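Numbers for residues simply follow the sequence, beginning at 1. Treat the numbers as computed from the prediction; the structure is a model and nothing was measured.
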Amino acid sequence: TFGPAQTPSVMDAAGNGIGPDAVAVEVNAFAVGNHFEDVLVTANSGDGTVSVLIGDPVNGYGPATTYLLGNDPDALALGYDNQGNPEIFVATANNEMVTALVINPDGSIRLAGSYVVGNQPDALALGIDRFGNAILAVANGGSNTVSVFVLNSDGTLGSSVSYAVESDPDAIALASDKFGNLDIVT
């Protein structure tokens, strides 16, 4: 459903560029009738918003739906909640928050919640643990920690556990080891 390679950009009403700082794409994110929809998300730190575009294989992306989330959204992760609904996670660095947005089967988007994390969350990663639970990990560069959440079945996040890491983690990845344990790399 993608056309020629283009650099996504988001403009304010005056035509000034306000982002994006991060872009995330999920292809074939969910079924609508007899076809699948894609999701494109941009984090726009210039105005504290996230723009969500739902794609159609025939008509391309529809108009952006914009959500005001707070100061400096600069990291994104796309995944699925435990019910199979696409979910968007956004880290807002200056608010020390992660916000969860769930895309409902009809394409509408609902706020699942906002959650306090460490100072200056710089990166997000999603994975599945050996028990089948969806896990969100957040690299908090300003506090030298990683916050780890288990996703609840309704798209909300459970309580977090924080782990100390080396200085200024600004990237994060999750991978399973040979025993099925989920490892976190910063």
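A distance of 8.0 Å separates CG in L151 from CD1 in I128, rounded to the nearest 0.5 Å. Considering CZ of F131 and CG of N133, their distance stands at 8.0 Å, rounded to 0.5 Å. Distance check: R130 CZ to D177 CG gives 8.5 Å after rounding to the nearest 0.5 Å. Taking CG of L78 as the reference point, atom CG of L126 lies at 8.5 Å (rounded to 0.5 Å). Atom CD1 of residue I103 and atom CD1 of residue I109 lie 5.0 Å apart, to the nearest 0.5 angstrom. A distance of 6.5 Å separates CZ in R110 from CG in D154, rounded to the nearest 0.5 Å.
Side chain of N152 to main chain of G155: no donor-acceptor pair is present (N/O by atom type, distance under 3.5 Å, no hydrogens or angles).
Nearest heavy atoms, T49 versus P73: O-CG, 3.5 Å. The shortest heavy-atom contact between P121 and D74 is O-OD1, 3.6 Å. Closest of all the heavy-atom pairs between E87 and A100 is OE2-CB, 3.5 Å.
Under the 4.5 Å side-chain heavy-atom criterion for grouping Ile, Leu, Val, Met, Phe, Trp and Tyr, I54 is connected to V90 within one hydrophobic cluster. A chain of hydrophobic side-chain contacts below 4.5 Å, direct or via other Ile, Leu, Val, Met, Phe, Trp or Tyr residues, connects L111 to V41. V102 and V138 are not part of a single hydrophobic cluster, where members link through side-chain heavy atoms under 4.5 Å apart. Taking hydrophobic clusters as Ile, Leu, Val, Met, Phe, Trp and Tyr residues chained together by side-chain heavy-atom distances below 4.5 Å, V39 shares a cluster with L101.
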Show the atom names and distances, to 0.1 Å, of all donor-acceptor pairs under 3.5 Å that link a side chain in residues 158-176 to residues at least two apart or in another chain.
none

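Contact check for Y115 versus T156: side-chain heavy atoms found under the 4.5 Å cut-off. Side-chain contact between V116 and M97 is present, with at least one heavy-atom pair separated by less than 4.5 Å. Contact annotation: the side chain of N95 never approaches that of D72 to less than 4.5 Å [non-hydrogen atoms, C-beta and beyond]. Side-chain atoms of L124 and V98, non-hydrogen and from C-beta on, do get closer than 4.5 Å to each other. Here the side chains of N140 and D122 are not in contact, with every heavy-atom distance at 4.5 Å or above. Two residues are said to be in side-chain contact when any heavy atoms from C-beta on lie closer than 4.5 Å; V150 and I135 meet this criterion. Contact check for L136 versus L157: side-chain heavy atoms found under the 4.5 Å cut-off. Residues N44 and S51 meet the side-chain proximity criterion, which asks for heavy atoms closer than 4.5 Å.
Residues satisfying the side chain to side chain contact (heavy atoms under 4.5 Å, CB included) test with E96, not counting sequence neighbours, are N119.
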Set out, in order, the CA-CA distance, both residues' side-chain angles and the distance that settles side chain to side chain contact (heavy atoms under 4.5 Å, CB included) for I184 and V148, then state yes or no. CA-CA 9 Å; I184 300 171; V148 179; 3.5 Å; yes

Please lay out, stage by stage, how V52 and I88 fare under the test side chain to side chain contact (heavy atoms under 4.5 Å, CB included). CA-CA 9 Å; V52 181; I88 303 163; 3.8 Å; yes

